[in-house]
**Q** 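Following this message is one structure expressed as structure tokens.
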Amino acid sequence: GLKLATLDLSGCPITTLPPELTVTHELRLQNCARLSSIEEGATVQTGIDVRGCDMLFTLPPSVQPAIAVTD
């Protein structure tokens, strides 16, 4: 698995995030317009920013940070 403190993928043409991903602080996915899923098992502990991720409708139970910024 991949463990990072902060990850900023804002504006990237990604469509999904793998279940092996752990972010201990903040995950920024702002304006990832093609992102449609975050796989169960991926974890974000403090905050996630998914503004502009119009194809992403839900976060899996494993991704339930204290702060979630959405539109």
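Since we're looking at a predicted model, the values are computed, not measured.
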**Q** Taking side chain to side chain donor-acceptor pair (under 3.5 Å) as the test, write out the residues that go with Glu20, two or more places apart.
**A** none
**Q** Any side-chain heavy-atom pair from Leu29 and Ile14 closer than 4.5 angstrom?
**A** yes
**Q** Name the residue from Val63, Leu2, Thr43 that meets the side chain to side chain contact (heavy atoms under 4.5 Å, CB included) definition with Leu21.
**A** Leu2
**Q** Return the CD1 to OG1 distance between Ile38 and Thr16, rounded to the nearest 0.5 Å.
**A** 8.0 Å
**Q** Answer yes or no: is there a side-chain heavy-atom contact under 4.5 Å between Thr15 and Arg34?
**A** yes
**Q** Can Glu26 and Thr46 be said to form a side chain to side chain contact (heavy atoms under 4.5 Å, CB included), step by step?
**A** CA-CA 6 Å; Glu26 183 180 16; Thr46 303; 5.8 Å; no
**Q** Please report the shortest heavy-atom distance between Lys3 and Thr24, naming the atom on each side.
**A** CE-CG2, 3.5 Å
**Q** Minimum heavy-atom separation for Pro65 to Gly47, with atom names?
**A** CB-N, 3.8 Å
**Q** Return the CZ to SG distance between Arg28 and Cys12, rounded to the nearest 0.5 Å.
**A** 12.5 Å
**Q** Under a single-linkage definition using a 4.5 Å side-chain heavy-atom cutoff for Ile, Leu, Val, Met, Phe, Trp and Tyr, are Val69 and Val23 assigned to the same hydrophobic cluster?
**A** no
**Q** side-chain contact (heavy atoms from CB on, under 4.5 Å) with Ser36: which residues, sequence neighbours excluded?
**A** Met55
**Q** Starting at SG of Cys53, measure out to CG of Leu35 and round the result to the nearest 0.5 Å.
**A** 5.0 Å
**Q** Going by the rule side-chain contact (heavy atoms from CB on, under 4.5 Å), which residues pair with Gln64 if we only count those two or more places apart in sequence or in a different chain?
**A** Leu59
**Q** What closest approach, in Å, do Gly11 and Cys32 show between heavy atoms, and which atom pair accounts for it?
**A** N-SG, 3.8 Å
**Q** May I ask you to test the Pro60-Glu39 pair for a side-chain heavy-atom distance under 4.5 Å?
**A** no
**Q** Quickly, which of Asp8, Thr22, Leu7, Asp49 forms a side chain to side chain contact (heavy atoms under 4.5 Å, CB included) with Leu27? Name it, please.
**A** Leu7
**Q** How long is the gap from CG on Leu9 to CG on Asn31, to the nearest 0.5 Å?
**A** 12.5 Å
**Q** Would you say the side-chain atoms of Asp71 pair up with the backbone N or O of Gly52, donor to acceptor, closer than 3.5 Å?
**A** yes
**Q** Between OG1 of Thr6 and NE2 of His25, what distance do you get to the nearest 0.5 Å?
**A** 5.0 Å
